[in-house]
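Order of the sequence lines fixes the chain letters, A, B, ..., with proteins taken first and strands second; residue numbering starts at 1 for each chain.
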There are 2 protein chains.
Amino acid sequence: MAVSSVQCTRATVPFPSIGRVFLSNDGSGREIIRKSNSLAVFGSNKKLDNDTKIVTLLDSIKWDEKGLAVAIAQNVDTGAILMQGFVNRDALAMTVSSQKATFYSRSRSTLWTKGETSKNFINVQDIYLDCDRDSIIYLGKPDGPTCHTGSETCYYTSVVDVLEDKQDALNKLALTTLYSLESTILQRKAELENPEMGKASWTKRLLHDKSLLCSKIREEADELCRTLEEDEDKTRTASEMGDVLYHAMVLLALKGVKLEDVLDVLRHRFSRSGIEEKRSRKQQS
Amino acid sequence: MAVSSVQCTRATVPFPSIGRVFLSNDGSGREIIRKSNSLAVFGSNKKLDNDTKIVTLLDSIKWDEKGLAVAIAQNVDTGAILMQGFVNRDALAMTVSSQKATFYSRSRSTLWTKGETSKNFINVQDIYLDCDRDSIIYLGKPDGPTCHTGSETCYYTSVVDVLEDKQDALNKLALTTLYSLESTILQRKAELENPEMGKASWTKRLLHDKSLLCSKIREEADELCRTLEEDEDKTRTASEMGDVLYHAMVLLALKGVKLEDVLDVLRHRFSRSGIEEKRSRKQQS
């Protein structure tokens, strides 16, 4: 929330006491980490040399009067907001430790790790705090659909469509631009299999004619390069890159490859050694 | 939240009475829309033929004991989570009507529209409800940085980096894969201008040698096509698409074009007439 200055305020109320986690209460209203636990900072094997680090972190959160903060789970590759819940100190500490998105259930007054029943865990790669430290992002990779309904995310009801009485208003995922485009292309692909569905479209022609599609991809890549070689303006570059993306995504749809798979590849390359380092080595050798 | 069945529960407590909006209270604890207002369903010029539609919608939200629900503002193009706040009935109705992300400030007990001071409004394109209707996404396009600190989003503190005592832990935006890659490329570009910074890398070679970069883009596009033409497996397609994306993004960085600009182009094309329809017309003529 962008409302006030960046303040690290200590919660002034005690948090609910929860049994099953590795934090305990020292009786002063402040939870301490049991000596028997040493937390790994995730993303590395390094152990926390000082457990007070995490206590300091937890102290810096602006917990509400119930000792809670909002936590949003987001797909690290696609950016899709998977679900939103609440966390208390224990849930956040548990997530840091287990790397599985964990929340505090207000209805059941207990911690719950997303996936503990369904096995569709959200594998948290990093956690972000907002400017006034009362809101948290779990940036992670889901093992499967996040929603208990089987939907990829919990957000599948479009208010605009509801108000316009559109069919499927209750079955329309909140998709950002690239995934909305991917969804449209996949819809055209499904229509191809049933010629009575939908109308003629460029996407369908491309899906139907591999040779045309590949010639378009090569042509658009060439046009993108020429915006650099011939020093064309930025808007032309953005437009040609749009063409490259769109046509390449039609190819992905034909091959049954999701954009998310591509991003997964990129993330692994960059987090391991970096595409650039790998290429650099290849180039130098 | 994926915790219970999809239930549309009417809030049983009255909501805070707020003066400046188009909703008023009928004295029964239930707010009604003033007859003088007719709401446009946004995304179209169509007027609501029945104002009860929005009342029905507001009634379907599972407001908490304070009459609030969580609202998350997300960039429709990049998927970046911009900020998170709370809404009451009035704030949500105001957003539907004005298409500017509006929240309820718990500290000031009033509505506030993001951007009313800074002019950095978030132009809402659609609103999504989660499965149990107590959490809302405002999917929109920000006019400028969302955070009051001037940061693009409010989430710029990495817990992992804080725990690892990393520099810049308090200045690291929550970036998903594609934008993390974009950020790395831009960092290499900045390093090029100061040869003492960083080490040699493939990205720097590409940034330095336009001819090499363009030959790589054409080569990778060709390799992507060949995965279709020569019926190679999916993992090869994903890998080649990763190469296309990476090299094309280096070109974007050289030209000073952000991926967000490209997505903006794609969104406008698809929401206006659709890239495919446009191409189709060109093809047919």
Side-chain angles (χ1 to χ4, degrees), chain A residues 1-2 41 43 53 70 72 76-77 79 81 83-85 126-131 135 137 139 147-149 154-155 157-160 163-164 174 176-177 181 201-203 210 214 217-218 221 225 228-229 234 237-239 241-242 246 248 251 255 257 261-263 265-267 275-276 279-280, chain B residues 1-2 41 43 53 70 72 76-77 79 81 83-85 126-131 135 137 139 147-149 154-155 157-160 163-164 174 176-177 201-203 210 214 217-218 221 225 228-229 234 237-239 241-242 244 246 248 251 255 257 261-263 265-267 275-276 279-280:
Chain A
M1 291 174 66
V41 173
K53 268 186 189 171
V70 166
I72 303 158
V76 64
D77 285 332
I81 298 176
M83 58 163 288
Q84 176 262 312
D126 203 347
I127 299 171
Y128 286 86
L129 308 178
D130 81 338
C131 52
S135 183
I137 297 176
L139 202 58
C147 190
H148 70 291
T149 61
C154 293
Y155 298 88
T157 302
S158 157
V159 165
V160 168
L163 293 178
E164 287 183 348
T176 52
T177 299
L181 173 54
S201 81
W202 178 243
T203 304
K210 290 181 185 179
C214 290
I217 291 173
R218 290 183 175 102
C225 291
L228 179 67
E229 292 164 338
K234 288 181 178 191
T237 303
S239 171
M241 180 64 181
Y246 160 71
L251 186 145
K255 291 286 292 181
V257 173
D261 303 333
V262 176
L263 297 175
V265 167
L266 280 176
R267 179 165 46 80
I275 197 170
E276 46 179 10
R279 292 286 171 146
S280 175
Chain B
M1 287 173 69
V41 173
K53 270 186 186 170
V70 167
I72 304 158
V76 65
D77 286 330
I81 298 176
M83 59 163 288
Q84 175 263 311
D126 203 347
I127 298 170
Y128 287 85
L129 309 178
D130 81 339
C131 52
S135 184
I137 296 176
L139 202 57
C147 189
H148 70 291
T149 61
C154 293
Y155 298 88
T157 302
S158 158
V159 165
V160 169
L163 294 177
E164 287 184 346
T176 51
T177 299
S201 81
W202 177 243
T203 304
K210 289 182 185 178
C214 290
I217 291 173
R218 290 184 175 102
C225 291
L228 180 67
E229 292 164 338
K234 287 182 179 191
T237 303
S239 172
M241 180 64 180
V244 169
Y246 160 71
L251 186 145
K255 292 287 292 182
V257 173
D261 303 332
V262 177
L263 297 174
V265 167
L266 281 176
R267 179 166 45 80
I275 198 171
E276 46 180 8
R279 291 289 170 143
S280 176

Counting only heavy atoms closer than 4.5 Å, note whether B:Leu251 contacts chain A via side chain, backbone, both or neither.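 Contact with chain A is through the side chain of B:Leu251 alone.
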Under the side-chain contact (heavy atoms from CB on, under 4.5 Å) rule, collect the residues that match up with A:Val70, sequence neighbours excluded.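 Checked A:Val70 against side-chain contact (heavy atoms from CB on, under 4.5 Å); matches are A:Ile72, A:Gln84, A:Phe86, A:Ser135, B:Val70, B:Gln84, B:Phe86.
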When rounded to the nearest 0.5 angstrom, what distance separates OG1 in A:Thr157 from CD1 in B:Ile127?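 Taking OG1 in A:Thr157 and CD1 in B:Ile127, the distance rounds to 12.5 Å.
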Shortest non-hydrogen contact between [X] and [Y], atoms and distance:
X        : Y        : value
A:Gly242 : B:Leu266 : O-CD2, 3.6 Å
B:Ala238 : A:Val262 : O-CG1, 3.8 Å
B:Thr176 : A:Gly79  : CG2-CA, 3.6 Å

Let me see the working for A:Met83 and B:Asp130 under side chain to side chain contact (heavy atoms under 4.5 Å, CB included), right down to the final yes or no. CA-CA 8 Å; A:Met83 58 163 288; B:Asp130 81 339; over 6 Å; no
Who wins among B:Ile81, B:Leu139, B:Val244 for the most heavy-atom pairs under 4.5 Å with chain A?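 If we count pairs closer than 4.5 Å to chain A, B:Ile81 comes out on top.
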Side chain, backbone, both or neither: which part of A:Leu263 has a heavy atom under 4.5 Å from chain B?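 It is both, since atoms from each part get that close.
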Part of A:Leu228 within contact of chain B (heavy atom distance under 4.5 Å):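 Both backbone and side chain of A:Leu228 come within 4.5 Å of chain B.
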Pick from A:Ser239, A:Ala221, A:Cys214, A:Ala248 with the largest number of heavy-atom pairs that fall under 4.5 Å of chain B: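 Among A:Ser239, A:Ala221, A:Cys214, A:Ala248, the one with the most close pairs to chain B is A:Cys214.
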Taking every non-hydrogen pair under 4.5 Å, which of A:Val265, A:Asp261, A:Val76 racks up the most with chain B?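 Answer, by heavy-atom pair count under 4.5 Å with chain B: A:Val76.
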Could you check whether any side-chain N or O of A:Lys255 sits under 3.5 Å from a backbone N or O of B:Lys234, counting only pairs where one atom can act as donor and the other as acceptor?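 No, because the side chain of A:Lys255 does not come within donor-acceptor range (under 3.5 Å) of the backbone of B:Lys234.
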